[in-house]
A.B. asks: 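First the structure, which I've put down as C-alpha cells, then a few questions once you've had a look.
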Amino acid sequence: MRQLIRPASPDDSNALMKLRIEAEEWLANAGIDQWRSPGFRDRALAKWQVDIAEGRTWVVPDAKGELLGTITLARPDADFWTRSDDPESAVYVAKLITARSAAGQHLGGRLLDWAGGVARDRGLPWLRLDVWRDNAKLQDYYLREGFEHVRTEAPSHRLSGWMAQRPSSLVVHPDAPLCTVDTPGLTG
C-alpha cells in the first residue's frame with residue numbers, strides 16, 4: 001500500500017501536539033530531557049500554526065486519517081547557518097516526529113528521503129538540520145541516515161545547535177517512498 005504525505009492543515013494542530021507529547025514522553029522515558037521546559041508546547045504550537053499556514057509542515061496519515069508522522073521544511077536558522085554556509089542551498093528539516101505506532105517502518109528516514117526529494121526538485125544540493133546539543137542518540141540517528149556533522153554552535157538562548165547535512169541526492173530508503181498528495185485532508 002502506498003503511504004501518503006500531504007500538507008498539514010489547521011485542523012491537524014491537535015493531532016500534531018498529540019504526536020509531540022507522545023515524543024516528549026518517549027524521550028523522557030529514554031532519559032533524554034528535550035522539549036519539556038515550561039512554555040515549550042505553547043511556543044511550538046504557535047510556530048507550527050505559522051508553518052502550516054505557510055505550507056511548510058507536512059503530515060503522514062494512516063488509513064484512518066490518524067497522523068503517523070510530521071516534518072516541517074523550515075527556513076535556514078540564522079543562529080546556526082551563516083552566509084559562508086550558503087544557506088539558500090538547502091532544504092532545512094525541523095519538527096520531524098513519528099508516532100510510536102510507526103516504529104519499525106523507517107518513517108523518519110523515509111520523511112528525510114522525501115525532504116531530500118523536495119530539495120532536488122528545487123535544484124538544491126543539501127538537506128540540513130540542527131538538533132539539541134545534548135541529544136547524542138538523535139545525533140547518532142541522523143548520522144546513520146547519511147548526515148555528516150558540520151559543526152556545533154552554542155548560542156546561550158538555544159538548546160539546539162548540533163548541525164548536520166547530507167546531499168539531497170542521497171536516498172536511504174528507496175523501497176518505500178512517500179507519495180505526495182497536495183490536498184490537505186486527503187488520505188487515500
Side-chain angles (χ1 to χ4, degrees), residues 1-30 32 34-36 40-41 43-74 91-121 127-132 135 137-147 160 164 166 168 170-188:
M1 184 177 112
R2 295 183 319 151
Q3 197 156 28
L4 305 177
I5 183 168
R6 65 167 173 81
S9 75
D11 293 340
D12 292 317
S13 295
N14 288 337
L16 286 167
M17 284 310 294
K18 181 180 172 185
L19 271 179
R20 182 188 167 99
I21 291 166
E22 180 185 51
E24 287 175 12
E25 292 168 357
W26 182 81
L27 288 165
N29 289 335
I32 300 166
Q34 182 169 322
W35 291 346
R36 296 179 64 81
F40 243 58
R41 285 185 189 164
R43 289 192 306 273
L45 182 57
K47 284 182 181 180
W48 248 334
Q49 290 168 336
V50 170
D51 289 332
I52 290 167
E54 295 182 2
R56 289 191 298 267
T57 295
W58 291 75
V59 295
V60 176
D62 67 12
K64 296 178 185 175
E66 297 291 319
L67 298 189
L68 293 176
T70 184
I71 191 169
T72 295
L73 306 179
V91 164
Y92 295 83
V93 172
K95 300 181 190 90
L96 173 63
I97 304 172
T98 59
R100 298 310 310 147
S101 63
Q105 297 177 27
H106 304 287
L107 183 55
R110 292 165 53 219
L111 282 160
L112 292 168
D113 286 350
W114 175 84
V118 171
R120 285 191 306 278
D121 290 347
L127 184 63
R128 291 179 174 156
L129 50 78
D130 68 86
V131 301
W132 283 45
N135 192 337
K137 289 180 182 179
L138 185 58
Q139 295 164 14
D140 288 343
Y141 169 77
Y142 285 117
L143 293 171
R144 288 191 309 274
E145 288 293 326
F147 283 82
S160 60
R166 78 180 202 191
S168 63
L170 181 64
V171 178
V172 179
H173 307 278
D175 296 334
L178 297 171
C179 300
T180 304
V181 177
D182 290 325
T183 306
L186 183 63
T187 58

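Remember, it's a predicted structure, so these values are computed and weren't measured experimentally.
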A.B. asks: Are there over 12 heavy-atom neighbours, none belonging to Asp140, within less than 6.0 Å of that residue's CG?
C.D. replies: yes
A.B. asks: Report the distance from atom CG of Leu170 to atom CG of Leu112, rounding to the nearest 0.5 Å.
C.D. replies: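 Leu170 atom CG to Leu112 atom CG measures 9.5 Å (nearest 0.5 Å).
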A.B. asks: With sequence neighbours left out, which residue pairs that include part of residues 45-73 fulfil the ring pair (Phe, Tyr, Trp, His ring centres under 6.0 Å) condition?
C.D. replies: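 The answer is Trp58-Trp114.
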A.B. asks: So, using side-chain contact (heavy atoms from CB on, under 4.5 Å) as the criterion, who are the partners of Ala15 when residues are at least two apart?
C.D. replies: Leu67
A.B. asks: In chain order, what residues pass the salt bridge (charged side-chain N to carboxylate O under 4.0 Å, His left out) check against Glu66, with sequence neighbours excluded?
C.D. replies: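 Glu66: no salt bridge (charged side-chain N to carboxylate O under 4.0 Å, His left out) contacts found.
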A.B. asks: Considering residues at least two apart in sequence or located in another chain, which fulfil the side-chain contact (heavy atoms from CB on, under 4.5 Å) criterion with Ala115?
C.D. replies: Ile71, Leu73, Val93, Leu127
A.B. asks: Mind checking side-chain contact (heavy atoms from CB on, under 4.5 Å) for Asp11 and listing every partner two or more places apart, or none if nothing turns up?
C.D. replies: Ser9
A.B. asks: State plainly whether the residues Arg6 and Asp12 are in salt-bridge range, i.e. N to O under 4.0 Å.
C.D. replies: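 Asp12 and Arg6: salt-bridged.
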A.B. asks: Can you list everything that forms a side-chain hydrogen bond (donor to acceptor under 3.5 Å, both in side chains) with Gln49? Sequence neighbours excluded, please.
C.D. replies: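 Gln49: no side-chain hydrogen bond (donor to acceptor under 3.5 Å, both in side chains) contacts found.
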A.B. asks: Which atom names give the shortest non-hydrogen contact between Leu138 and Asn135, and what distance separates them?
C.D. replies: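 So the two residues come closest at N-OD1, 2.9 Å.
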A.B. asks: Using side-chain hydrogen bond (donor to acceptor under 3.5 Å, both in side chains) as the criterion, list what pairs up with Thr98, not counting sequence neighbours.
C.D. replies: none
A.B. asks: Test: salt bridge (Lys or Arg N to Asp or Glu O under 4.0 Å). Region: residues 97-115. Which pairs qualify, not counting sequence neighbours?
C.D. replies: Asp113-Arg166
A.B. asks: Quick one: list whatever passes side-chain hydrogen bond (donor to acceptor under 3.5 Å, both in side chains) with Tyr92, sequence neighbours left out.
C.D. replies: Arg128
A.B. asks: So, do Thr70 and Val60 sit near enough that their side-chain heavy atoms are less than 4.5 Å apart?
C.D. replies: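 The answer is no; the side chains never approach within 4.5 Å.
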A.B. asks: Looking at every non-hydrogen atom in both residues, tell me the closest pair between Gly109 and Tyr141 and how far apart they are.
C.D. replies: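 Between these two residues, the closest heavy atoms are N-OH, 2.9 Å.
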A.B. asks: Using the side-chain hydrogen bond (donor to acceptor under 3.5 Å, both in side chains) criterion, which residues pair with Glu145? Sequence neighbours excluded.
C.D. replies: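 Scan of Glu145 (side-chain hydrogen bond (donor to acceptor under 3.5 Å, both in side chains), adjacent residues dropped) gives His173.
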